[in-house]
Structure formats: C-alpha cells, structure tokens
Amino acid sequence: MKEFVAKPLRNALTGLVQAGKIKALPERLDFDRPKQAEHGHLASNVALILAKAEGRKPRDLAAEIVAALPASEWIARSEIAGPGFINFFLQPAAFHAAIRNARHHRDQFGAGRMGGGEKVQLEFVSANPTGPLHVGHGRGAAYGASLANLLRFTGFDVQCEYYVNDAGRQMDILAASVYLRYLEELGVALPCAFPENAYRGDYVRAIAAHLRSREGDRLQRPAGALAGPAGEADPEAAMDALIARIKTALGPDYGILHSAGLDEILADIRDDLSAFGVHYDRWYSERSLMDKGAVAAAVERLKADGHCYLQDGALWFRATAFGDDKDRVLLRDNGAYTYFASDVAYHAEKFARGFARVIDMWGADHHGYITRVRAALRALGLDDNRLEVLLVQFAILYRGQEKISMSTRAGEFVTLRALREEVGNDAARFFYVLRRADQHLDFDLELAKRHSEENPVYYIQYAHARVYSLLRQADERSLSRPPAEVDLNLLQEERELGLADLLWRFPESVTQAAGDREPHQIAFYLRELAAAFHTYYNATRILVEEDPLRHARLALCTAVAITIANGLRLLGVSAPEQM
RNA sequence: GCGCCCGUAGCUCAACCGGAUAGAGCAACGGCCUUCUAAGCCGUAGGUUGCAGGUUCGAUUCCUGCCGGGCGCGCCA
C-alpha cells in the first residue's frame, strides 16, 4: 500500500530536484502509520528530513512537495500538519485492493522478494546430544523455525542446520554414564559410586537397558579393569580417569557404547523437533568435521598465516590481533582440539559451502563467544559481516512461585516433549515467539497449563474459525458465497476499511519481522488483526440477504482468514476451520 | 573490576533503523447472549518510559554519568 503513495511522492521529489528547487533526494522514503486518524492513513516526514540539508523551513518545503504531487487514483487528499509532516488520506479503493490482493494470492499473500534468492544458512538449537531437549531448547527451536519460515517467505533461500556436538568430552561422559547404568542392569557391582557429575537422568537407564538387550553382557569387563585409585579429590579429574579406564577396558567396543547413547538421544531429538514442526535440511556432525581433517586444516591455516603461537604446551590463536580481549587456545596441551577450534572449522566450512549469509542462534550465555569467532573468521580472510549471531535468552521455568533449576546432568528439567504434551504444540509455539528472543522468558508451568484453555493463540485461531463458520452458515442457508469478482465498493464503513488496511500491514509486518529477525512481530500483528476482526464481526452482520453486500463482506472475511492462516503458518501454529 | 544485554501501566511485554496525545494482553471494575460460535464484544481505570544531564524542530529510541538486574570474562562445551 505504501507504494500507492511512495510513487507519486518520488515523482514529486524528482521533479523538484530537476527544477532545481531542492538539491537532492532523501536517502530513502519511509512512511509512518499515524496513530491519530486525523493524521491520515500514511504520513511522510520527508520535509522534516530534508529541511536541514536544504536550509529551508520544513512546512514551506512540505507545501512545495504537496503542490508537486501528481494526481493519483489512490490518494484522496494530502495535508501538511504539525512541524511539517505530509499526511496522506487514501481512497477506499486503496484498502479494497488489499482484499483483492489477499484473495488472489491466497497462501502467498504477504510473501516478499526482499531476499532475492540469497542463500542463507540458519543454525539453531544445536543442543548437545546428551539428553532430551528441555524447555529452553524449545524456545530456540520455535524461534529458529519461525525465522526460517519468515526468511523463506521473503525470498531467501534458507537452509536450516543442526550442529551435532557428537565429539568431545561431554559425549564421553554420557558414554560413561550409560556404561555404569548398563553394569547396574547386569546386576554387577559398580567400580565406583555413580558420580555426581555424570548424567543421572532416567533416560540414561533406558539407553542402558536397550544396550543390554542388544548386546547382552558382552560389554562387561572385570571389576579390576575398571576400578581406579580411590580418593581422587577433583570430580572432573575422576570422571576423566573413569572415561579413560572404560575406553581402555572396552577397546574397540567403546564405539558401541559411545553411539548407543548418541544414536538414541539424537533420534529422540529429531523426533521431538519434527513433532514440534521444526524441520532441518541438514544435521551436521562435529565428528565428521574432525574425521575429514577440517579442524586440523583450519588450525593449520591459521598457523601458516602467522596467527598462532605456542605457549605452555598449547597452541594459541592470536585473537587479540582481531579485536578480542584475549588470545584463545586451539590445541590443548593434551593434544585435543578445543571446542573453539572445531567451531572455527565449522564456520569456515559454512562459508565454503557458498552461503551469502550465515545466521547462528546461540544461547545468550554464549555472547562472549561472538568476538572470538568473528576474529577467527577475519583471520581466515572471511568477511565476518556475513555472520549474524542471534542470542536467545533461556526460558526461566517456574512452577507457580517456585523457580525450577535445570541441570541436564542431574536430570532435573522439564522436557520439551512434556511441555508439548501439557500445553499442546500450537500454544507452545505461539508462547515461545510472543516476546523478543533476547529477553528473558518467564515460563510458569502452572500458568501455561491454566492458559491452555484461554490462551491467546486460541483468540487468533478462533477468528480464523469464525470465518469458516460464516461460510458454513451461508451454505446451510443456501446463501451464495462470493464469486471471484465482487463489488468491494460496497465496503465503505470505517471498520471495514480499517480492517482492510490491517491486511495491508501483513506484508509490511512480514518484511519488517524478517529484516529484524523478530518473529514476535508476527504474533503481535496477528493478535491485532484478530481483535479487529472480532470487533467487526460483533458490530456488523455479515450474512445479509442482499447478495452483493454479503459477497463483499464475505470477501473481506475470507481475506482476513487467509491472512491469519498465513501468519500462523509462519509461526508453526495451525489454523483450524472449526473450534 | 572489564565487556555485552536490559530497566516502559499492578504483572508480562510492544512501540515500525529520532516523529505528532507511549500502546496491547493479563489482572481490576461496569455493561452486552431468544438473530452469523460469548474461546467473543463494548466501556472505565491504570505512566515523570530507573535517575541526572547532553545532542535538536522533536528522544522510550542516539551520547555521557549514576542506580538497579541478567549474562559472560577456562587449555569446559
């Protein structure tokens, strides 16, 4: 809709420039949607912006611009107001066009071309496969999936990826945890007490039980091979020692143990996300990165380019040369690469795959990590402006007043699956994106449960269902539905035009939300649209006897339904035709 | 201590890369169902945008300082 005004305004400004009345065009034209009806449907502050550079009074400039505006079938009138705003009042036809547009484009209404087919990679969740996803991950999942939908809808070529941290110490700890539970399954005495810092969740027992049913007691080893020296004070060191003993004792069979936990948990995560409507194009294994030597290669390259040095037996990356506040270890003195090293390799790999833009979604506690990754990218000669890092705050979980501490190892957490079963996918998806991702989210389970029947998501879905109810009613009473072409000029009421105007705001909101990477804007928009529809519905009889008026009103209603359905689809929420 | 994020109605949050009289939802209060779904609508009330300065036609938005909160500052991931 903004084009209806932007075009004549650009013409006017160009004309003034050619006539030498103003020096230059503004960098960009944007319009406000005034809150006050007296300020018109769209307002431009172009005269205020230009006034300074032109050395003119804003109101004088505005008058000149208005005088230069060509006639337009969409614009009813334009006024100069306040300090120098130009307020545009549009013809009803400008709003009717939204209805026509929505009905014509159907599920593509609101789609844009901003992305221009640009290849974007979006990585999100990427939780360590050491246990089921919890409600914190759910937020990242809902946010990432919605953002992916938004970017695709605005013309980006999006690939969603999950980075599987299947290498490293955490996986070994999981393997050790599974092994101890496995021994318990066999009824064998443990070589040590089950460690506090092992994974203690029940799912570990389940994995161990499955392992036993597959392998029997084949993985059992003599107690003497597993028991270590008692009295190790540091629990982390004790854990490392335990892992080492298990690896030695099991030899080649360690791989079976390792993948027993990984495979089962990863399958669970995939299944969970899929059921949540979150789909990935690729699951990228950290181990595969290691195995093909990509990590070593990335480190070698940093070394070759002189960005590294040896100190205390470790290999350091000179991150301070690229804006970080300290240097970072790539290769530890024990010969193992750091998480950072594989992440450098992973990001280099992403760009090598040809993505114009790479978007990472990380937990907000990783924000200190951004600088060093950017530093490494620059050191590798890559443009770190192509990397975008979005931070997602963890959801703080409450049960009533009581804050629930979440620890994966202790097995004390509410899983995403449990949440979905409790409040439903629709409510969960909607709740998660109802606020900005970089804000803390207080998730009260009691409240979520209580809201399950009076949830804001139902408010929006109900508006959608009401439209279909109208259509069903029309059929029952043998009142014809609107044909493809209806006389929208019959819609002249303020509410009807206002509702149609709101439809125009859908494509605008989509563009804005995608550009800002803020899906919550869609949720807010939908609530507003639903409210306007409910108001209209209550105030106006839709199913009137006269065919032309009924057709026009039903056309408006179906346009609303199309818009709601499209918006909900972007958020991964269903749009039921009946409730 | 240093760095990043945040302080907006009783609560949870918006506010369109500086715009006109700062908006919703929930909670509170008062109304609306023999006519298309009351999972709804209408109305009332609620604010010195943490504080103090600065930039300018104009600041919740940008800058500085202070107060308060969160996170980070490992050869962990």
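Reminder, nothing fancy here: chain letters follow the sequence lines and each chain counts from 1.
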> Hey, does A:H366 reach any base, or is it just sugar-phosphate, or nothing, if we go heavy atoms under 4.0 Å?
Replying inline: base
>> For the C1' atoms, the ones on B:U60 and on B:C51, what distance do you get once it is rounded to whole angstrom?
In response: 15 Å
> Taking the C1' atom of each, how far is B:A9 from B:U48, in whole Å?
Replying inline: 13 Å
> Which residues, if any, of residues 332-346 of chain A bring a heavy atom under 4.0 Å of RNA chain B?
Replying inline: A:R332, A:D333, A:Y339
> Of the nucleotides B:A15, B:C16, B:A39, which one has an atom closest to the side chain of A:M579?
Replying inline: B:A39
>> According to ring-ring contact (aromatic ring centres under 6.0 Å, His included), who are the partners of A:Y536, at least two apart in sequence or on a separate chain?
In response: none
>> Output one letter per nucleotide in nucleotides 54-60 of chain B: B when a protein non-hydrogen atom lies under 4.0 Å from the base, S when only the sugar-phosphate is that close, - when neither is.
In response: -------
>> Closer than 4.0 angstrom, basic N to acidic O: yes or no for A:D360 and A:K350?
In response: yes
>> Using the side-chain heavy atoms of A:Y537, tell me which of these nucleotides is nearest: B:G40, B:C36, B:U21.
In response: B:C36
> When all nucleic acid strands are considered with a 4.0 Å heavy-atom cut-off, which category describes A:A314: base, sugar-phosphate, or nothing?
Replying inline: base
> So do the side chains of A:S480 and A:H551 get within less than 4.5 Å of each other, counting heavy atoms only?
Replying inline: yes
Short heteroatom pairs, N/O only, protein and nucleotides 3-11 of chain B, under 3.5 Å:
residue : atom : partner : partner atom : Å
B:G3    : N2   : A:H367  : NE2          : 3.0

> If you measure from CZ on A:F124 to OG on A:S126, what distance do you get to the nearest 0.5 Å?
Replying inline: 8.5 Å
> If you look at every strand shown and take non-hydrogen atoms under 4.0 Å, does A:A43 touch a base, only sugar-phosphate, or nothing?
Replying inline: base
> If you look at every strand shown and take non-hydrogen atoms under 4.0 Å, does A:R472 touch a base, only sugar-phosphate, or nothing?
Replying inline: base
> Going through the distances and angles, do A:F322 and A:H307 end up as a ring pair (Phe, Tyr, Trp, His ring centres under 6.0 Å)?
Replying inline: CA-CA 10 Å; A:F322 297 91; A:H307 300 307; 5.1 Å; yes
> Salt bridge check: are A:D547 and A:R550 linked by an N-O gap of less than 4.0 Å?
Replying inline: yes
>> Need one value for A:Q512: base, sugar-phosphate or nothing, where a base atom within 4.0 Å counts as base even if backbone is also close, heavy atoms only.
In response: sugar-phosphate
>> Regarding A:F85, tell me which of base, sugar-phosphate or nothing describes its non-hydrogen contacts under 4.0 Å with the strands shown.
In response: base
> When you check the gap from the basic side-chain N to the acidic O, do A:E496 and A:R553 get nearer than 4.0 Å?
Replying inline: yes
> Taking the side chain of A:Q473 as its heavy atoms from C-beta onward, which of B:A14, B:C36, B:A20 lies nearest to it?
Replying inline: B:C36
>> Under 4.0 Å, heavy atoms only, any strand: does A:F31 hit a base, just the sugar-phosphate, or nothing?
In response: nothing
> Do A:R477 and A:E545 meet the salt-bridge criterion of a basic N to acidic O distance under 4.0 Å?
Replying inline: no
> How are the rings of A:Y162 and A:W283 set relative to one another: parallel (under 30°), tilted (30 to 60°) or perpendicular (over 60°)?
Replying inline: parallel
> Out of B:C13, B:C36, B:C73, which has the shortest distance to the side chain of A:R435?
Replying inline: B:C13
>> Could you check B:C17 for me: syn (within 90° of 0) or anti?
In response: anti
> Taking the C1' atom of each, how far is B:C11 from B:C57, in whole Å?
Replying inline: 38 Å
>> Suppose you measure atom P in B:C2 against the same atom in B:U12; what distance do you get, rounded to whole Å?
In response: 29 Å
>> Considering every strand and a 4.0 Å limit on heavy-atom distances, what is the contact class for A:D312: base, sugar-phosphate, or nothing?
In response: base
> Rounded to whole angstroms, how far apart are NE2 on A:H534 and P on B:G40?
Replying inline: 6 Å
> If you measure from CD1 on A:I80 to CD on A:E64, what distance do you get to the nearest 0.5 Å?
Replying inline: 10.0 Å
> Salt bridge between A:D327 and A:R318, side-chain N to carboxylate O under 4.0 Å?
Replying inline: no
>> If the condition is ring-ring contact (aromatic ring centres under 6.0 Å, His included), which residues does A:Y537 pass it with, not counting sequence neighbours?
In response: none
>> For the C1' atoms, the ones on B:A77 and on B:U49, what distance do you get once it is rounded to whole angstrom?
In response: 39 Å
> Reckon A:R541 touches a base, only the sugar-phosphate, or nothing at all at heavy-atom distances under 4.0 Å?
Replying inline: base
> Can you name the one residue among A:F340, A:Y337, A:Y284 that meets ring-ring contact (aromatic ring centres under 6.0 Å, His included) with A:Y346?
Replying inline: A:Y284
> Looking at OH of A:Y525 and CD of A:Q521, how far apart are the two atoms once the value is rounded to the nearest 0.5 Å?
Replying inline: 13.0 Å
>> Can you measure A:F533 atom CZ to B:C42 atom C1' for me and round it to whole angstrom units?
In response: 17 Å
> Ion pair present between A:D240 and A:R169, side-chain N to carboxylate O less than 4.0 angstrom?
Replying inline: yes
>> Without decimals, in angstroms, what is the distance between A:R505 CZ and B:A14 C1'?
In response: 12 Å
>> Taking the basic N atoms (NZ, or NE/NH1/NH2) and the acidic carboxylate oxygens, is any pair closer than 4.0 Å for A:D501 and A:R505?
In response: no
>> Just to be sure I understand the rule, does A:T540 reach a base, reach only the sugar-phosphate, or reach nothing, if contact means heavy atoms closer than 4.0 Å?
In response: base
>> Using the C1' atom as the point on both nucleotides, what is the distance between B:C26 and B:A45, in whole Å?
In response: 15 Å
> A:L556 versus A:F95: any side-chain heavy-atom pair under 4.5 Å?
Replying inline: no
> Quick one: which of B:G74, B:A14, B:A20 gets closest to the side chain of A:F524?
Replying inline: B:A14
> Between B:A20, B:C36, B:G40, which one does the side chain of A:Q36 approach most closely?
Replying inline: B:A20
>> Any base atoms under 4.0 Å from A:E476, or only sugar-phosphate, or nothing? Heavy atoms, all strands.
In response: nothing
>> Using a 4.0 Å heavy-atom cut-off, does A:N87 contact any base of the nucleic acid, only the sugar-phosphate backbone, or nothing at all?
In response: base
> Closest nucleotide of RNA chain B for A:S469 versus for A:R33: which of these residues is on the 5' side?
Replying inline: A:R33
>> Between A:Y459 and B:C41, is there a contact of a side-chain N or O with OP1 or OP2 at under 4.0 Å?
In response: yes
>> In whole Å, I'd like the distance from the CZ atom of A:F430 to the P atom of B:A24.
In response: 17 Å
>> Give me the distance, rounded to whole Å, that separates B:U8 from B:G70 when you measure between the P atoms they each carry.
In response: 15 Å
> For the side chain of A:D365 and the base of B:G72, is some donor closer than 3.5 Å to an acceptor across the two?
Replying inline: no
>> Would you measure the distance from the C1' atom in B:C41 across to the matching atom in B:A22 and give it in whole Å?
In response: 25 Å
> Base, sugar-phosphate alone, or nothing: which one does A:T535 contact when heavy atoms must sit under 4.0 Å apart?
Replying inline: sugar-phosphate
> For RNA chain B, which ranges pair as stems of 3 or more consecutive Watson-Crick or G-U pairs, with both donor-acceptor distances under 3.5 Å?
Replying inline: B:1-7 with B:67-73, B:10-13 with B:23-26, B:28-32 with B:40-44, B:50-54 with B:62-66
>> What is the separation between atom CZ on A:R169 and atom C1' on B:A77, rounded to the nearest whole Å?
In response: 10 Å
> Should A:I86 and A:V66 count as side-chain neighbours, where that means a heavy-atom distance under 4.5 Å?
Replying inline: yes
>> Pick the closest RNA chain B nucleotide for A:R466 and for A:I86 by heavy atoms, then say which residue is nearer the 5' end.
In response: A:I86
